[in-house]
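Everything below concerns the one structure shown next.
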Number of protein chains: 2
Amino acid sequence: MDCTVNDIARAAGVSRSTVLRALSGKPDISPKTRARIKALAAQMRYRPNYIARSLTQGKTNLVGVIAKPSIYYASHSVIEAVERGLRDGGYSTLLFISGNESGTDESVVEQLMKNRVDGVIAVPGAMTPPASYHQLVEAGVKLVTLAGLIDDLAAPQITGDNYKAGRLGAAHLIELGHRRIAYLGIPQISNVGRERARGVRDAFTEAHVPIDERLFTEIEFSETGAERCAAELLASGERPTALLVRHDVAARGAMRAIYAAGLSIPEDISIVGNGDVVGSDMFRVPLTTVRFPARQMAGFCVQTLLDMLRGEVIEPETTIFDVELVVRSSTAPPRTA
Amino acid sequence: MDCTVNDIARAAGVSRSTVLRALSGKPDISPKTRARIKALAAQMRYRPNYIARSLTQGKTNLVGVIAKPSIYYASHSVIEAVERGLRDGGYSTLLFISGNESGTDESVVEQLMKNRVDGVIAVPGAMTPPASYHQLVEAGVKLVTLAGLIDDLAAPQITGDNYKAGRLGAAHLIELGHRRIAYLGIPQISNVGRERARGVRDAFTEAHVPIDERLFTEIEFSETGAERCAAELLASGERPTALLVRHDVAARGAMRAIYAAGLSIPEDISIVGNGDVVGSDMFRVPLTTVRFPARQMAGFCVQTLLDMLRGEVIEPETTIFDVELVVRSSTAPPRTA
DNA sequence: TTGAAAGCGATACCAT
DNA sequence: ATGGTATCGCTTTCAA
């Protein structure tokens, strides 16, 4: 069905080598034959078989991208930026979306290695088992992580300042006068979750606000998960006056629970998100959130990987991007204050 | 760096063939040698090279997915569903995101063919040039389109009922008493754009509402594009009392323009979206929209492709999924009524 | 039950 | 300037 160099060689009455020279633009060939063969190749609709090429070159020009389901701040717009950057750099994107089901990351990494990808960009989640990623590095696959940190990984890692994010959100609420603040956070088995929580706790401690551990929860990463958790929190005896939510989209889920409970934002309850996702300024109530420079992070991540792929030796350092508080309408002083 | 069958054969003191038989679970091998070789392979961390395998089998187990930038209703959650379905079916996803820049689709298709993908799922946009897709089909690549129609394409196509979508939205506004309705639509060079517009016009005609062609616009597919267009419309002399927008996310952009103009929804102006994207119930004002069953469409699309890949002969028919109006708070009778 | 050899399509190197 | 040949890792077919 497809036409190969052999077909062209036969049709042109020359050897494979000659065809190759003509097509690859190498020297040592007469302009005449080159032109003739090029024309012939175009006419026969020749398309180099990248698979075969990969085999000889030991290089597939494939980069695996392991992303999270839609809700991450490193979600579609990030995938978009990554894909675009990789394509411009001459690579194709082999995409895998790995949720929270256990075993997915392992099998995805396995799949990537069997496909002999040259590099990998991974967005690790709170539940991501580190083992597979260490394995990738050991196998010599160039790896850069984005928006998540895997401990002791010998690879460049790009992330936002999660400590500051936690701190900023909490400090903002405290400053408004809130004392009963619920934290719907990232599980602390992950580095990101720990940093976030640490920032929150530090803000509380410095302001001498006691921490009610019952309000310090960890939620799964889904809009509905946040909705459920918020609903429980609201139904419980002493209702918090503010919610600090791990992510804007999760905050949207929490908003649903708040409205379902007949409460209003920010009059009855304040809410702070994380990520400053596209559209969170147009949420039911414009969301106060912490902005992570997602596109820049994605761009930097791709550039780093492309550099590594180009053979440059990049130190496996963690790059932390600064974050900033974006105050909108979902936060206000508590009723009592 | 990687271990091959040859390495194992050498280490085990047997031939390549034997190793292969052991690993591929074929008969004609003594249980003892099989066990021995399997253990050895595991120990040596053998991973079959899919690239090499593809070359011999003439089958890459790769499916190209051509998607649109983040805003489409066939966006991340759809990519997610598609990737998952393909993975479960034994295929890996080669992702390309093709925006409106001319030439992208062509080069993407070219890229896919060079990578010898077994199949393609394409989400065509209004600007997608049909030629490349016809070429794919001719080259024998299995193709299914999703959420968009390419004329005269010999491939199964999955789409929502765009005629009905246009009709439903327009009829709803007319019923509320609106007469000056602006249409921020999909360009009619595409089938989808034509169908949508036809539905809208039919609704107007049947209700004997005259159509003001100056309000019948075509917008590019972006949130900011919609914002700009809405801003112009609002600044013009006779302001429309309602907006019919091509997509929920574009509607969100339009909302920005409306608020920037100091107007309120739905008191000053009603707005209808399309897609019922996740979160449009939590927009600044919960959005009235037309729901497209995006996940089901994606699932059906993947199943169809997998069937074709399995060798089944599927008729190149267009499957149209039903849509429904979801009335929320962004629409109300006009002020004057 | 096991081994040997040809080939997939492209590349690199050596020979002419 | 052009042709020949080995090779990449695996699969398939045929021979022992």
Side-chain angles (χ1 to χ4, degrees), chain A residues 1-38 40-41 44-62 90 111-118 139-140, chain B residues 1-38 40-41 44-62 90 111-118 139-140:
Chain A
M1 178 162 21
D2 289 319
C3 140
T4 76
V5 267
N6 288 301
D7 299 332
I8 299 180
R10 205 173 309 125
V14 297
S15 76
R16 250 206 317 285
S17 314
T18 307
V19 173
L20 216 77
R21 260 183 289 258
L23 263 30
S24 65
K26 285 197 183 145
D28 296 333
I29 185 171
S30 76
K32 255 180 42 188
T33 20
R34 159 163 295 159
R36 187 166 63 95
I37 291 176
K38 276 198 161 183
L40 195 57
M44 295 174 75
R45 299 169 158 281
Y46 170 72
R47 251 180 280 268
N49 185 329
Y50 282 3
I51 299 299
R53 177 181 291 182
S54 299
L55 194 57
T56 46
Q57 298 193 151
K59 182 176 188 310
T60 54
N61 284 299
L62 250 35
Q111 203 66 15
L112 288 173
M113 298 190 67
K114 287 176 181 167
N115 276 296
R116 297 299 193 271
V117 293
D118 296 331
Chain B
M1 176 162 19
D2 288 320
C3 142
T4 75
V5 267
N6 287 302
D7 299 332
I8 299 180
R10 205 172 308 124
V14 297
S15 75
R16 250 209 314 286
S17 318
T18 307
V19 173
L20 216 78
R21 259 182 291 258
L23 263 31
S24 64
K26 284 195 184 147
D28 296 334
I29 186 171
S30 75
K32 257 180 39 186
T33 16
R34 158 161 297 156
R36 187 166 64 95
I37 292 176
K38 275 198 161 181
L40 195 59
M44 296 175 74
R45 299 170 159 278
Y46 170 71
R47 250 181 278 270
N49 184 329
Y50 283 2
I51 299 298
R53 177 180 292 184
S54 298
L55 195 56
T56 48
Q57 298 193 151
K59 183 176 187 310
T60 54
N61 283 300
L62 250 35
Q111 203 66 14
L112 288 173
M113 297 191 68
K114 287 177 179 165
N115 275 297
R116 297 299 193 271
V117 294
D118 295 332

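Numbers restart at 1 for each chain; the letters A, B, ... are given by sequence-line order, proteins then strands.
A sub-4.0 Å separation between OP1 or OP2 of C:dT1 and a side-chain N or O of B:Thr33 is absent. Considering only side-chain N and O atoms, A:Ser30 lies nowhere under 4.0 angstrom from the phosphate OP1 or OP2 of D:dA1. A sub-4.0 Å separation between OP1 or OP2 of D:dC8 and a side-chain N or O of B:Thr4 is absent.
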Which side-chain N or O atoms in residues 48-55 of chain A pair as donor and acceptor under 3.5 Å with protein atoms at least two apart or in another chain?
residue : atom : partner : partner atom : Å
A:Asn49 : OD1  : A:Ile51 : N            : 2.8
A:Asn49 : OD1  : A:Ala52 : N            : 3.2
A:Ser54 : OG   : A:Tyr50 : O            : 2.7

Taking only nitrogen or oxygen atoms into account, show me every contact under 3.5 Å that the protein makes with nucleotides 12-16 of chain C, one pair per line with its distance.
residue : atom : partner : partner atom : Å
C:dA12  : OP2  : A:Lys26 : NZ           : 3.3

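In this structure A:Arg10 satisfies the salt bridge (charged side-chain N to carboxylate O under 4.0 Å, His left out) test together with A:Asp7, sequence neighbours excluded. Every residue was checked against the salt bridge (charged side-chain N to carboxylate O under 4.0 Å, His left out) condition with B:Arg16, not counting sequence neighbours, and none meets it. A search for salt bridge (charged side-chain N to carboxylate O under 4.0 Å, His left out) contacts involving A:Arg47 returns B:Glu110, not counting sequence neighbours. Shown here are the side-chain contact (heavy atoms from CB on, under 4.5 Å) partners of B:Lys38, two or more places apart in sequence or in another chain: B:Leu23, B:Arg34. Taking A:Arg36 as the reference, nothing meets the salt bridge (charged side-chain N to carboxylate O under 4.0 Å, His left out) condition, with sequence neighbours excluded. Applying the side-chain contact (heavy atoms from CB on, under 4.5 Å) criterion to B:Ser30, with sequence neighbours excluded, gives B:Lys32, B:Thr33. When the side-chain contact (heavy atoms from CB on, under 4.5 Å) test is applied to A:Ser15, the partners found at least two apart in sequence or on another chain are A:Ser17, A:Thr18.
Considering every non-hydrogen atom in both B:Gly90 and B:Asn61, the closest pair reads O-OD1, 3.7 Å. The minimum heavy-atom distance linking B:Leu62 with A:Asn115 is given by the pair CD1-OD1, 4.3 Å. Of all heavy-atom pairs between B:Ile37 and B:Ala12, the closest is CG1-CB, 4.4 Å.
For the pair B:Thr56 and B:Arg34, both in contact range of DNA chain C, the more 5′-proximal nearest nucleotide belongs to B:Arg34.
When rounded to the nearest whole Å, the span between CG of B:Asn61 and C1' of D:dC10 equals 14 Å. Atom pair B:Asn6:CG and D:dC8:P shows a separation of 8 Å (rounding to whole Å applied). Spacing between atom CD1 of B:Ile37 and atom P of C:dT1 amounts to 13 Å, rounded to whole angstrom units. Distance, B:Asn115 CG to C:dG9 C1': 14 Å, rounded to whole Å.
Near DNA chain D, defined here as any heavy-atom distance below 4.0 Å, there are no residues from residues 8-15 of chain B. For residues 47-55 of chain A, proximity to DNA chain D is found at A:Leu55, defined as any non-hydrogen atom under 4.0 angstrom from a strand atom.
Two end axes, each from the C1' atoms of five base pairs, can be drawn for the helix from C:dT1-D:dA16 to C:dT16-D:dA1; they diverge by 50°, to 10 degrees.
Atom CD1 of residue B:Ile29 and atom OG of residue B:Ser24 lie 8.5 Å apart, to the nearest 0.5 angstrom. Rounding to the nearest 0.5 angstrom, the gap separating the OG1 atom in B:Thr4 from the OH atom in B:Tyr46 is 7.5 Å.
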